[in-house]
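Report on the structure given below.
For the numbers below, each heavy atom of this structure counts, side chains included, while hydrogens, waters and symmetry mates do not. Note on naming: letters A, B, ... go to the chains in the order of the sequence lines (proteins, then strands), and numbering restarts at 1 for each one.
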There are 2 protein chains.
Amino acid sequence: MKRKSPDADALGGHLCFAVYSTGLAFNRVYKPILDRLGLTYPQYLAMVILRGEDGQTVGELGDQLFLDSSTLTPLIKRLEAAGLVTRRRDSEDERVVRVTLTDKGRAVAEEAKCVPGEVLAATGRTPEQLGVLERAIVQLRDTLRANAA
Amino acid sequence: MKRKSPDADALGGHLCFAVYSTGLAFNRVYKPILDRLGLTYPQYLAMVILRGEDGQTVGELGDQLFLDSSTLTPLIKRLEAAGLVTRRRDSEDERVVRVTLTDKGRAVAEEAKCVPGEVLAATGRTPEQLGVLERAIVQLRDTLRANAA
DNA sequence: CGAATATATATCGCGTGCGATTTTATCGCA
DNA sequence: TGCGATAAAATCGCACGCGATATATATTCG
């Protein structure tokens with residue numbers, strides 16, 4: 001079957017599609033690595049954040065991940081079901097749920113420290129090159145967020 | 001509630017997270033615009049590709065979108081249910097399904113031509129600036145795809 | 001020709017994302 | 001004090017993405 005080369009015409013010049021498809025590509029790189037840890041990519045992000053500071057609330061996690069409780073609550077419940085975190089209402093403010101790593105969760109979070117190195121290799125770039133690109137994309141993201149309806 | 005500023009520490013320096021969260025931000029910009037057309041973002045991409053060349057196969061669409069039939073088949077069926085496309089087996093090769101815009105679909109695809117301009121405005125950047133960034137990201141994507149397991 | 005193989009699409013299950021709504025708790029303020 | 005407004009999570013429905021599998025058609029090769 002004759003096939004078009006990707007990006008043949010219509011989608012070329014669409015930065016949004018470049019970002020979208022790069023996200024898909026990143027996911028494909030992460031998947032086999034994270035499978036070994038039994039985590040999905042968003043779950044991995046949550047574990048990294050908790051490794052940095054444990055006992056954060058659902059809202060604090062959401063602020064850093066740009067995700068909402070409607071996405072995070074089920075995700076965190078799956079982490080809980082896997083025995084990696086506990087969920088507890090804050091006694092000071094019963095509206096708030098605090099998420100804490102279990103021993104097993106902390107062990108997995110430590111193991112996860114080797115993930116970025118493996119992904120770096122797949123980019124075929126230096127950390128400096130990636131840093132330049134990252135800053136440009138983050139600035140774009142923040143502009144988009146500021147201008148979103 | 002005291003909240004961390006996004007990207008406080010743990011996720012800074014992770015290009016993959018920058019790409020991931022920029023994808024979410026783009027989606028938020030596109031959503032209200034595409035809602036007017038009754039399309040999701042991946043559906044919009046498919047319509048743009050078909051506007052460029054009609055009657056493409058599921059596989060050809062997938063090659064350009066980096067998506068698989070398990071994602072595309074349901075998506076295209078929803079476009080069909082909305083009366084925007086027709087799906088027909090190719091008489092030369094009965095394995096292949098060709099997707100063709102209906103009159104209504106072509107009309108929507110034409111309307112969609114105004115979308116990029118609105119999104120451009122939300123980026124607060126010139127097309128030239130975005131072009132530089134796009135090329136860098138596309139190169140990264142292609143490297144990732146080449147190095148994916 | 002016919003069996004093995006390859007290809008194109010479809011189906012299924014699971015985990016996101018997110019808009020809309022609900023529930024529970026806290027706060028502001030007369 | 002009490003009541004309306006605000007805030008934090010949770011719930012629900014829908015549309016992706018994707019791995020694994022199934023099905024139907026084409027192709028290859030003995």
Exercise. So how far is it from A:Arg141 CZ to B:Thr123 OG1, rounded to the nearest 0.5 Å?
Worked result: 15.5 Å
Does [X] contact [N] through a side-chain donor or acceptor facing the base, at a distance under 3.5 Å?
| X | N | value |
| --- | --- | --- |
| A:Ser69 | D:dA10 | yes |
| B:Arg95 | C:dT7 | yes |
| B:Thr40 | D:dA15 | no |

Exercise. Checking side chain to side chain contact (heavy atoms under 4.5 Å, CB included) for the pair B:Asn147/A:Val29: CA distance, chi angles, key distance, verdict?
Worked result: CA-CA 8 Å; B:Asn147 293 34; A:Val29 171; 5.9 Å; no
Round to the nearest Å and state the distance from [X] atom [atom1] to [N] atom [atom2].
| X | N | atom1 | atom2 | answer |
| --- | --- | --- | --- | --- |
| A:Asn27 | D:dG19 | CG | C1' | 12 Å |
| A:Tyr30 | C:dT16 | OH | P | 15 Å |
| A:Asp90 | D:dA10 | CG | P | 13 Å |
| B:Asp68 | D:dA20 | CG | P | 12 Å |
| A:Arg89 | C:dA25 | CZ | P | 8 Å |
| B:Leu61 | D:dC16 | CG | P | 14 Å |
| B:Leu79 | D:dC16 | CG | C1' | 13 Å |
| A:Glu92 | D:dA7 | CD | C1' | 17 Å |

Exercise. Starting at the 5' end of DNA chain C, what dot-bracket string do you get if Watson-Crick and G-U pairs under 3.5 Å are bracketed, crossing pairs use [ ], other-strand pairs use | and unpaired bases use dots?
Worked result: ||||||||||||||||||||||||||||||
Exercise. Which atom names give the shortest non-hydrogen contact between A:Pro74 and A:Ser69, and what distance separates them?
Worked result: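 Looking at all heavy atoms of both residues, the shortest contact is CD-O, 3.8 Å.
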Taking only N and O in the side chain of [X], is any of them less than 4.0 Å away from OP1 or OP2 of [N]?
| X | N | answer |
| --- | --- | --- |
| A:Thr73 | D:dA10 | yes |
| A:Tyr20 | D:dC16 | no |
| B:Lys77 | C:dT11 | yes |
| B:Arg78 | D:dC16 | yes |
| B:Ser70 | C:dC12 | no |

Exercise. Should the ring pair B:Phe17 and A:Phe66 be called parallel, tilted or perpendicular, given that the plane angle runs from 0 to 90° and is split at 30 and 60?
Worked result: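 Answer is parallel, since the angle falls under 30°.
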Problem set entry | Residue pair A:Gln56 / A:Val99, side-chain heavy-atom distance below 4.5 Å | no
For this session: For B:Leu72, report the nucleic acid contact type (base, sugar-phosphate, nothing); a contact means any heavy atom under 4.0 Å.
Result: nothing
Give the nucleotide from the list [options] with an atom nearest to the side chain of [X].
| X | options | answer |
| --- | --- | --- |
| B:Glu94 | C:dT16, C:dA10, D:dA26 | D:dA26 |
| B:Asp93 | D:dA26, D:dA9, C:dA10 | D:dA26 |
| B:Gln43 | C:dG17, D:dC16, D:dG19 | D:dC16 |

For this session: Check A:Leu34, A:Leu130, A:Ile33 against A:Val119 for a side-chain contact (heavy atoms from CB on, under 4.5 Å) and give me the one that passes.
Result: A:Ile33
For this session: Decide if atom CZ of B:Arg88 counts as having more than 12 heavy atoms of other residues, nucleotides or ligands within a radius under 6.0 Å.
Result: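 Open.
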Exercise. Please walk me through it: do B:Lys113 and B:Glu110 pass salt bridge (charged side-chain N to carboxylate O under 4.0 Å, His left out)?
Worked result: CA-CA 5 Å; B:Lys113 281 185 175 170; B:Glu110 283 300 316; 3.2 Å; yes
For this session: Using the closest heavy atom to pick a nucleotide of DNA chain C for each, name whichever of A:Ser91 or A:Leu75 lands nearer the 5' end.
Result: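 Upstream on the strand: A:Leu75.
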